[in-house]
Amino acid sequence: MKLSELKQSGHWPTLLSAFLYFDISFMAWVSLGPLMVYIAKAMNIPVEQKLTLVAIPVLSGAILRIPLGILADSIGSKLTGSIAQFVMVLACLYAWLFGLADPQQVAVFGAILGLGGASFAVALPQAGRWYPPHLQGVVMGIAGAGNMGVVLDTLFAPTIAEHFGWQGVYGALLVPMAAILAFYIVAVRDAPGSIKRIPLAKYGELLFDPDSRWFMFFYFITFGGFVGLASALPLYFTTQFHATPVAAGLMVALIVFFGSTFRPVGGAIADRVGGVKSLTVMFLVVAACYFTVSQLPEGPAPQGAAGWTLTELPMIGWVAVLLFSLGTLCLGMGNGAVFQLLPQRFRNEVGVMSGLVGFAGGLGGFFLAKALATSKGMTGGFMAGFLFFGCLALLGVAGLTFVKHRWRTTWGAVSGARI
């Protein structure tokens with residue numbers, strides 16, 4: 001694939017707009033993760049409840065993806081994306097001006113932020129419909145790389161909160177949100193023929209297709225793992241290794257950087273060697289990382305300090321950073337690989353399937369964060385949560401082994417792309 005071919009195909013302003021829309025939406029969606037230490041400081045709630053609160057936007061984003069996908073098919077992705085961004089601007093404006101007084105308000109605010117996660121069902125089909133099948137892997141990877149917004153969240157949010165308070169983070173976030181909304185309204189275009197009303201029965205029909213359930217399961221593992229870790233790791237590092245919130249944010253920024261930036265690489269690799277083969281390798285690496293992380297002991301607590309700074313963090317903490325970085329790199333590439341395969345199988349239903357698969361991915365993120373919260377609450381540690389998701393990754397390998405021959409000899413042979 002040549003860069004010139006990508007430039008000559010499709011509509012690059014829409015691709016750029018979809019990337020920016022997903023990026024800023026993702027920033028708002030996962031913002032509670034790096035800020036929960038500050039927001040909940042006066043609420044006196046346990047770690048497991050904090051992890052549950054940061055999981056609420058993830059669950060909400062999963063649930064909202066289907067109605068947002070339906071709306072995008074009915075009235076157009078441009079109008080749907082514009083409305084969703086405007087609502088998030090209002091929610092962040094409220095948090096900046098009035099704050100969040102108790103866990104119930106945090107939960108409601110998090111549910112509204114779920115619109116950011118639901119942007120997946122709008123932005124990716126919006127970009128993908130402009131491009132031919134053999135470019136779907138890289139195009140979906142570029143649009144989906146907007147999830148790098150979590151890198152900016154974890155990199156800057158704790159530092160801004162230290163100096164201006166956590167509400168100041170949302171004040172700062174409003175500036176790029178408003179700018180990107182304005183650019184999106186001006187630059188984006190719906191692909192010809194993309195606006196068509198799809199009945200709810202279509203979703204039920206596709207759910208009965210076994211291939212759709214396999215795609216949902218694979219994305220439950222890849223995207224669910226990525227967004228679940230992005231939301232939970234700031235609290236994990238402050239609890240397990242006694243890092244300061246700023247140090248934890250910097251470490252998580254490094255970790256999720258790999259998952260975000262390598263999503264297009266995963267799509268490009270899948271275009272070249274096949275999505276099934278690349279996903280199999282990625283699942284195996286992810287499982288190994290989860291299993292190893294589950295065995296890491298708790299780090300030593302600092303004497304008379306609020307927490308370890310980045311330069312003071314014990315070596316065991318950096319071992320965790322290395323393992324999580326490798327794991328999220330493969331999860332990010334796995335996201336790209338799934339969406340290299342999806343348009344080949346469901347070319348005419350890509351909008352509906354993006355909603356269903358995106359729902360499963362968001363649900364996976366909620367379950368990962370919730371599994372870690374439950375593990376911490378019931379056992380005092382995080383081992384059980386990581387072991388559970390490591391086993392899921394191995395089940396993903398088994399699933400790929402089960403379907404690969406049928407996929408390659410049926411719709412894979414027809415599509416002309418590597419499966």
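Source: prediction; values computed, not measured.
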_Please check this pair: side chain of Ser294 against backbone of Phe291, looking for a donor-acceptor N/O pair closer than 3.5 Å._
yes
_Does the plane of the ring in Tyr236 sit parallel, tilted or perpendicular to the ring in Phe382? Use 30° and 60° as the thresholds._
perpendicular
*Ring centroid separation Phe386 to Phe324 under 6.0 Å*: yes
*Taking C-beta and beyond as the side chain, do Met88 and Met177 meet within less than 4.5 Å on heavy atoms?*
yes
*Does the side chain of Thr159 come under 3.5 Å of the side chain of Glu162 through a donor N or O and an acceptor N or O?*
no
*Using a 4.5 Å cut-off on heavy atoms from C-beta on, say whether the side chain of Tyr38 contacts that of Val169.*
no
*Name the orientation class of the two ring planes belonging to Phe226 and Phe223 (parallel below 30°, tilted from 30 to 60°, perpendicular beyond 60°).*
tilted
_Taking the side chain as everything from C-beta on, heavy atoms only, tell me whether Leu326 gets closer than 4.5 Å to Leu322._
no
_Partner of Leu229 by side-chain contact (heavy atoms from CB on, under 4.5 Å), out of Ile255, Val256, Thr328, Val252_ = Thr328
*Report the relative orientation of the aromatic rings in Phe22 and Phe26; use parallel for angles under 30°, tilted for 30 to 60°, perpendicular for over 60°.*
perpendicular
*Heavy-atom pair with the smallest gap, counting every atom of His242 and Pro302*: CB-CD, 3.7 Å
_Ring centroid separation Trp318 to Phe237 under 6.0 Å_ = no
*asked:* Less than 6.0 angstrom separating the ring centers of Phe220 and Phe366, yes or no?
replied: no
*asked:* Quick check: do Asp211 and Phe346 have side-chain heavy atoms less than 4.5 Å from each other?
replied: yes
*Look at the rings of Tyr290 and Phe389 and say which category their plane angle falls in: under 30° parallel, 30 to 60° tilted, over 60° perpendicular.*
perpendicular
*Would you say the side chains of Ser31 and Tyr170 form a donor-acceptor pair under 3.5 Å?*
yes
_In the structure I gave you, are the side-chain heavy atoms of Val54 and Lys50 within less than 4.5 Å of one another anywhere?_
no
*May I ask you to check whether Phe367 and Phe388 place their ring centres under 6.0 Å from each other?*
no
*Check step by step if side-chain contact (heavy atoms from CB on, under 4.5 Å) holds for Val357 and Met353.*
CA-CA 6 Å; Val357 172; Met353 281 305 304; 3.7 Å; yes
*Compare all side-chain heavy atoms of Lys78 with those of Ile83 and state whether any distance is below 4.5 angstrom.*
no
*Do Tyr21 and Leu181 touch side chain to side chain, with heavy atoms closer than 4.5 Å?*
no
*May I ask you to test the Leu394-Leu284 pair for a side-chain heavy-atom distance under 4.5 Å?*
yes
_With sequence neighbours excluded, residues passing ring-ring contact (aromatic ring centres under 6.0 Å, His included) with Phe98_ = Tyr94
*Please check if atom OH in Tyr184 has more than 12 non-hydrogen atoms from other residues, nucleotides or ligands closer than 6.0 Å.*
yes
_Derivation and outcome, side-chain hydrogen bond (donor to acceptor under 3.5 Å, both in side chains), residues Gln49 and Thr52_ = CA-CA 5 Å; Gln49 187 175 355; Thr52 299; over 6 Å; no
